[in-house]
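Down below is the structure, laid out as C-alpha cells.
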Amino acid sequence: MGDAVVGIIGMGDMGKMYTRRLSEAGWRVHACDVPDKYDSLCDDFKDTENVEIFKNGHFVSRSSDYIIYSVEARNIDAVVAAYGPSTKMGAIVGGQTSCKAPEIAAFERHLPKDVEIVSCHSLHGPGVNPKGQPLVLIKHRASDASFDLVERILSCLGSKHVKLTADQHDRITADTQAVTHAAFLSMGTAWAANKQFPWEIPRYVGGIENVKINITLRIYSNKWHVYAGLAILNPSARKQIKQYAESVTELFKLMLGGHREELKARIESARQAVFGHMEKRGDDETELLLNDELLDRFSLGEKPESKERVRNNHLSLLAMVDCWWKLGIVPYDHMICSTPLFRLWLGITEYLFRNPALLDEVIDTAIEDNTFRADDLEFTFAARDWSERVSFGNMDGYKKKFEEIQSYFEPRFKEATKVGNEMIKTIEENLRSRQKS
Ligand SMILES: NC(=O)C1=CN([C@@H]2O[C@H](COP(=O)(O)OP(=O)(O)OC[C@H]3O[C@@H](n4cnc5c(N)ncnc54)[C@H](OP(=O)(O)O)[C@@H]3O)[C@@H](O)[C@H]2O)C=CC1
Ligand SMILES: O=C(O)C(=O)Cc1ccc(O)cc1
C-alpha cells in the first residue's frame, strides 16, 4: 500500500472497525483512545499487523497523514481543540461523527490553516458489513489530490461513495436517521411504559411487527450518545422530530374522536404525496421493498397458531408518512444516502401504504377497535417527550430516558441482536439482488 499513515482518534466501535479494515488492506494505522484505555488497546491490537497504538491524540496527529476523529459528537469540539494544533503540517483531517455542522465548525476553529479537511460518515453501524453501504465523503477544504487519496484509503471498505457538502449531509440524515430513530425510540418507550415485551404478546408477533421489535431493540442495545448526538446536534433534526410528534398526536386525536372520513382523507393525501409517483410508473422499481415471507422470518417470539394476522392501526407508520407529506419529503430521494434501518423503515411503511386492503383495514381498526388505545396513548406521550428533549437540546435528559428503557429491554439484547443482524443481512441481500436484476 501507499506510504500514507492513517490516524484514528477514538477507538470505540467505529474506530476499531475502521482500524481493522484499513490495516488488513495494508495501510499503516496510528490509533489512540483516552489514555486510560492505552494498555487494553495495546493488548487488543498486539497481534494486528500495521497498527500502532499511542497514548493520546497528540502522538497520532503529529505522525499521521489522514486523521479521522471517531469520538462522540458531543465531544468533538473539545477533542479537536486538544489535538488539532498538533496535526502534522499539510495533513488531511476528517471525522466520523454522525452530524457534520459541529464537526466542521470544530475543524475550522482549531485546525491550523495548512491542514486540509475531508470528512466521512459510514451510514451503518459497526456490526454491518460496509460493502455496498453508502459512505458519505465531504471535500470541505482540500485539493483534488488529497480528496483522491482519502477515496483511495477508504476504498478498502468497499462502500458506495456519496459526495456531499456538510450541509446536504445534515439535511438528509435528519430525514433518514433522526426521525426514524424517534419513531423506534417511542415504540420502545410505550412498550416499557405498559410493561410489555411485545414479542410475548401473540397479537404483536409476525410481519411488520417483527421489524418494529427487532429494530427497536437494536437501537436500545446501542449507545445513547450516537442517537442523542445525531438528533440534538443536527439543527434540521429538531423540525423533523417535532413534525413526527405532531403527526402522531393529530392522527391519534382523529382516531379517538372517531373521525373516519377526516382520517381517511388525510391518510390518502399523505399516501398520494409519498407513494403516488410509483403508481404512475408501473416499472420494476415499483416492486415492494419487502414481502410477507421475508418479514415473517425474523421473530423473537412464537408465531400464533392461527394464520390470521392480528389487526393493528399502525399509528407509528401512518404518522411517518403524514410527517413526510407535511415536510415535503420524498423518502426515495434519499436512498443513495440511507442506512439499513431507514430502508427497513421505508420498507414497512411502503408495505402498508401500497396495499389498499391493508390500509383500509388499518383505518377500520383505528376507528373501531379499542384494543390498542392504551398503547397508542403511551406512544403519543413518548413521541412528544422525545421531541421535547431533542428541542430543548437536553443531552442529560435524553441519556437518562434512553438508559432507563435500555435497562428494561437489556435481558433480550443478545437474542435480538442475533435475529436483527440476520434480518438486516437477508433483507439487504434481497434488496441488492433486486437492484441487479
Ligand atoms: N455506532 C454507530 O452505529 C455509528 C457511529 N457513528 C459516529 O461515530 C462516532 C463514534 O461512534 P462509536 O464508535 O459508536 O462510539 P464509541 O463510544 O464506541 O467510541 C467513541 C470513543 O472515543 C473515545 N474518546 C472520547 N474522547 C476521546 C479523546 N479525547 N481521545 C481519544 N478518544 C476519545 C471514547 O472514549 P470514552 O468512552 O472514554 O469517552 C470512545 O472510546 C460517533 O460520533 C458516532 O456518532 C457513525 C456511524 C455509525
Ligand atoms: O442505521 C441506523 O440508523 C443506525 O442506527 C446505525 C447508525 C448510527 C449512527 C450513524 O451515524 C450511522 C448508522
Side-chain angles (χ1 to χ4, degrees), residues 7-20 30-38 40-41 44 53-61 67-84 86 94-100 102-103 106 110 119-128 130 133-136 157 159 169-170 172-185 214-234 237 334 337-346 399 402 417 420-421 423-424 427-428:
I8 305 277
I9 296 179
M11 288 287 277
D13 296 332
M14 290 304 284
K16 281 185 179 162
M17 188 268 276
Y18 263 52
T19 299
R20 294 220 158 85
H30 288 183
C32 75
D33 201 275
V34 292
D36 279 358
K37 292 192 211 145
Y38 174 72
S40 65
L41 267 184
D44 285 352
I53 302 297
F54 289 86
K55 277 242 155 76
N56 65 45
H58 293 297
F59 296 105
V60 170
S61 291
I67 300 126
I68 303 173
Y69 284 80
S70 189
V71 299
E72 297 89 339
R74 73 187 197 290
N75 290 340
I76 189 78
D77 192 77
V79 182
V80 179
Y83 308 130
S86 300
Q96 172 67 256
T97 67
S98 313
C99 172
K100 295 304 173 189
E103 183 185 290
H110 305 297
S119 233
C120 64
H121 184 195
S122 283
L123 290 179
H124 57 85
V128 171
Q133 299 291 342
L135 166 66
V136 175
L157 299 171
S159 298
H169 167 277
D170 286 355
I172 296 179
T173 53
D175 293 351
T176 54
Q177 290 200 274
V179 77
T180 303
H181 299 151
F184 289 109
L185 287 168
N214 291 333
I215 301 297
T216 300
L217 263 76
R218 193 176 179 85
I219 288 175
Y220 278 108
S221 68
N222 217 324
K223 282 151 298 191
W224 72 273
H225 74 75
V226 173
Y227 302 104
L230 66 80
I232 292 177
L233 302 175
N234 184 339
H334 297 327
C337 196
S338 60
T339 66
L341 299 199
F342 175 74
R343 291 190 287 277
L344 281 169
W345 184 226
L346 179 58
K399 175 173 194 259
F402 188 98
T417 308
N421 282 345
M423 179 178 81
I424 288 184
I427 291 177
E428 292 277 290

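For reference, positions follow the sequence shown, starting with 1. When a ligand or atom number is given, it counts from 1 through the structure's own listing order.
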Amino acids in close contact with ligand 1, where any non-hydrogen atom sits under 4.0 angstrom away: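 These residues qualify: Ile9, Gly10, Gly12, Asp13, Met14, Asp33, Val34, Lys37, Ser70, Val71, Glu72, Ala73, Val79, Tyr83, Gln96, Thr97, Ser98, His121, Ser122, His124, Gly125, Pro126, Lys223, His225, Val226.
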Name of the residue among Thr176, Ile215, Thr180 meeting side chain to side chain contact (heavy atoms under 4.5 Å, CB included) with Trp345: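 Answer to the side chain to side chain contact (heavy atoms under 4.5 Å, CB included) test with Trp345 among Thr176, Ile215, Thr180: Thr180.
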Positive for side chain to side chain contact (heavy atoms under 4.5 Å, CB included) with Thr339, one of Gln177, His124, Gln133, His181: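 Of Gln177, His124, Gln133, His181, side chain to side chain contact (heavy atoms under 4.5 Å, CB included) with Thr339 is met by Gln177 alone.
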Under the ring-ring contact (aromatic ring centres under 6.0 Å, His included) test, residues paired with Tyr83 that sit two or more places apart: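 Result, ring-ring contact (aromatic ring centres under 6.0 Å, His included) vs Tyr83: His58.
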Under 3.5 Å side-chain donor-acceptor pair for Glu103 and Ser119: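 Result is yes, a qualifying pair exists.
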Can you check whether [X] reaches [Y] side chain to side chain, under 4.5 Å on heavy atoms?
| X | Y | answer |
| --- | --- | --- |
| Val136 | Lys100 | no |
| Asp77 | His110 | yes |
| Cys32 | Lys55 | no |

Residues lining ligand 2 [heavy-atom distance under 4.0 Å, listed by chain and residue number]: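 Close residues (ligand 2, cut-off 4.0 Å): Ser98, His121, Ser122, His124, Gly125, Gln177, His181, Val226, Tyr227, Leu230, Thr339, Leu341.
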Tyr38 atom OH, neighbour heavy-atom count above 12 within 6.0 Å: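 Result for OH/Tyr38: enclosed.
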Partners meeting salt bridge (Lys or Arg N to Asp or Glu O under 4.0 Å) with Lys37 (sequence neighbours left out):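 Residues passing salt bridge (Lys or Arg N to Asp or Glu O under 4.0 Å) with Lys37: Asp33.
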